[in-house]
Amino acid sequence: MKTLDAPKNLTRNVLIGMGSGVLIASIFYYFQTTIPSDFFQIIEKYVFNLGGQVFKNLLLLIVVPLVFFSLVSGISSLSNMVKLGSIATKTVGLYLLTTGIAVSLALFFGWIFNLSGYEGEVDAYVPTQGSADLYETVLRIFPNNIFGAFVENNMLGIVFISILFGIALNLTDDLTGGLSKNFERLNIVFLKIVLLIMSFAPVGVFCLIGSYVMAKGLNVFGDLAQYVLVLVFVLVFHLTFTYSLILKVFANLNPFKFFKKMRNVALFAFSTSSSAATIPVTLKTVSDDLGVKKDVASFVVPVGATINMDGTAIMQGLATMFIASTVGVDLSLTQYGQIILLAMVTSIGTAAVPSAGTVTLALILGSVGLPLDAIGLILAVDRILDMIRTSVNVCGDAAVSCIVAKSENELDENMFNK
Ligand code: ASP
């Protein structure tokens, strides 16, 4: 039987793509004055920007059908519906827990390292789209138009519709002559599309990374070295320490095996800066390499990409401290508590697309009475930080998938340990 294998040497080729993207784009960027400006702009626009955007579109275009068919076929094969409730409760509980830990760690390390503010001028902040408050987020789960939810890429709504459809399909399988089998077949077709798209990943990543470097060169840290360093430290700490701990404590799983298998997912998240665009790769890795059964993976991964953003919560915690210190405000203990709760809630409402976390940061700043203008400062270094925190976000989704699967007896441990 033919299997659905990932393209050969994917990690190596993606790394080569990334490295050469940085190299070639840097040459263009730093030798700009010696290159005719028309030529520079054509390369920037038609090679790097266009190539990167096409690759990202290809990933995004498959997300909605992939989530729909994998969730429907996962749920329609469940033998009892109580299980679905139990999977959902554990998933949401673990997501809230890890996000709470993430933002608490951010505030703790911000305090330990005595994070100080910025002394130069601050650009004005122009809010863009990408956030929703709790009221809107809940309403998005229950859309009033099935097709509207699909067209708008409303992931929470799509998850809800898929669950409803999957349950109905499950309960009527005898009456429909085993219709659920056809959804499983279609799911395989969409998985194949993911693999076909992934074979272009090295080129796609080359263009994406190149487009960032062409715009700003390699000076991604600007003047905010302390903020950047503390943030990267906490992101790496949460990634390696917290996830290893919960994998070990809640599921007795070997974290090294986990991280080894997550390389590709992290690289995709890093280059696309979008948890949503990474869903196809996360789903594939979680079920085919980490051994999480389809009914768990197809629910936990897309829901996680939408509501679980530990890396984003870490950024928001530290950015709030940093901005408070910049404008000379001493945060009280109550305000720290408020930041933790708000970061947990806003990470649910943050869209899984590039820079969305800086938009919901405005909600937190507003709630603790800090000026929104100061976000302009953070934006200067946000490109690279967004790439790193998105990798943390998706690793959190995958870790929780393994834990939920293990507790439901839905983890193939031989596959996990292979
Ligand atoms: N880019 C992040 C993600 O997609 C969200 C953010 O923090 O801006 O997970």
Side-chain angles (χ1 to χ4, degrees), residues 11 83 86-109 112 230-270 275 278 281-305 307-315 317 340 343-344 347 388-418:
T11 313
K83 199 169 177 119
S86 143
I87 294 175
T89 316
K90 287 178 192 164
T91 303
V92 175
L94 279 168
Y95 280 154
L96 286 175
L97 175 76
T98 53
T99 310
I101 297 177
V103 57
S104 308
L105 280 175
L107 297 180
F108 174 72
F109 282 114
I112 291 275
V230 177
L231 182 43
V232 172
F233 171 81
V234 184
L235 287 170
V236 173
F237 182 88
H238 185 68
L239 177 73
T240 49
F241 182 77
T242 311
Y243 295 150
S244 301
L245 191 75
I246 59 167
L247 280 167
K248 198 77 208 148
V249 172
F250 290 137
N252 196 21
L253 292 170
N254 181 342
F256 293 106
K257 303 262 181 212
F258 173 81
F259 287 118
K260 196 152 175 245
K261 296 188 171 183
M262 285 299 290
R263 281 177 316 194
N264 278 335
V265 182
L267 282 178
F268 268 77
F270 184 84
S275 304
T278 314
V281 190
T282 318
L283 213 46
K284 166 105 184 66
T285 305
V286 163
S287 30
D288 292 357
D289 300 324
L290 292 169
V292 176
K293 298 269 164 65
K294 199 174 57 188
D295 42 358
V296 174
S298 60
F299 175 77
V300 187
V301 169
V303 169
I307 71 166
N308 181 51
M309 300 197 177
D310 295 356
T312 305
I314 291 173
M315 177 281 282
I340 295 178
M344 286 166 70
S347 98
I388 305 174
R389 70 175 178 260
T390 307
S391 308
V392 176
N393 290 346
V394 296
C395 288
D397 304 339
V400 169
S401 306
C402 295
I403 296 171
V404 173
K406 171 86 189 249
S407 75
E408 291 288 331
N409 250 334
E410 297 275 341
L411 184 75
D412 178 345
E413 282 200 56
N414 287 334
M415 191 186 277
F416 183 97
N417 288 317
K418 206 160 75 186

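The backbone N or O of Thr285 lies less than 3.5 Å from no partner atom in the side chain of Lys261, so there is not a single donor-acceptor pair. Checked by atom type and distance alone, the side chain of Lys406 never pairs as donor or acceptor with a backbone atom of Leu411 at under 3.5 Å.
Atom-to-atom distance recorded for Leu94:CG and Thr99:OG1 is 10.0 Å, nearest 0.5 angstrom. In this structure, NZ in Lys257 is found 12.0 Å from CG in Leu290, a value given to the nearest 0.5 Å. Taken to the nearest 0.5 Å, the OG1 atom of Thr240 stands 6.5 Å off from the CZ atom of Phe259. Atom CG of Asn417 and atom CZ of Phe256 lie 13.5 Å apart (nearest 0.5 Å). Atoms OG1 and CD, on Thr91 and Glu408 in that order, are 8.5 Å from each other to the nearest 0.5 Å. Within the model, atoms CG of Leu247 and CD1 of Ile403 stand 5.0 Å from one another, a figure rounded to the nearest 0.5 Å.
Residues Met262 and Val265 form a side-chain contact, since some pair of their non-hydrogen atoms from C-beta on lies under 4.5 Å apart. Taking the side chain as every heavy atom from C-beta outward, Glu413 and Leu253 approach each other to under 4.5 Å.
The aromatic ring centres of Tyr243 and Phe258 sit 6.0 Å or more apart.
The two atoms that bring Phe268 and Thr278 nearest to each other are CB-CG2, 3.8 Å, heavy atoms only. For Ser104 against Ile340, the heavy-atom pair with the smallest separation is OG-CD1, 3.7 Å. Met415 and Gly291 get closest at one heavy-atom pair: SD-CA, 3.4 Å. Taking every heavy atom of both residues into account, Leu107 and Gly317 meet most closely at CD2-O, 3.6 Å. The two residues Val300 and Val400 have their closest heavy-atom pair at CG1-CG1, 4.1 Å. Across Ser391 and Ala266, no two heavy atoms sit closer than the pair OG-O, 3.2 Å.
A side-chain donor from one of Asn393 and Thr312 sits under 3.5 Å from a side-chain acceptor of the other. At a cut-off of 3.5 Å, with distance as the only test, a side-chain donor of Ser407 or Lys90 sits close to an acceptor on the other residue.
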Take Ser401 and Phe299 through the side-chain contact (heavy atoms from CB on, under 4.5 Å) test and state the conclusion after the steps. CA-CA 9 Å; Ser401 306; Phe299 175 77; over 6 Å; no
Please assess His238 against Asp310 for the test side-chain contact (heavy atoms from CB on, under 4.5 Å), listing each intermediate value before the final yes or no. CA-CA 8 Å; His238 185 68; Asp310 295 356; 3.1 Å; yes
Stepwise side-chain contact (heavy atoms from CB on, under 4.5 Å) check, Val292 with Cys402: CA-CA 6 Å; Val292 176; Cys402 295; 4.1 Å; yes
For Phe250 and Val404, run side-chain contact (heavy atoms from CB on, under 4.5 Å): C-alpha distance rounded to whole Å, both residues' side-chain angles, the deciding distance at 0.1 Å, then the answer. CA-CA 9 Å; Phe250 290 137; Val404 173; over 6 Å; no
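Other residues, nucleotides and ligands contribute only 12 or fewer heavy atoms inside 6.0 Å of the NZ atom of Lys418. Phe233 CZ: more than 12 foreign heavy atoms inside a 6.0 Å radius.
Ion pair Lys294/Glu410 not flagged as a salt bridge, since none of the NZ, NE, NH1 or NH2 atoms sits closer than 4.0 Å to an Asp/Glu carboxylate oxygen.
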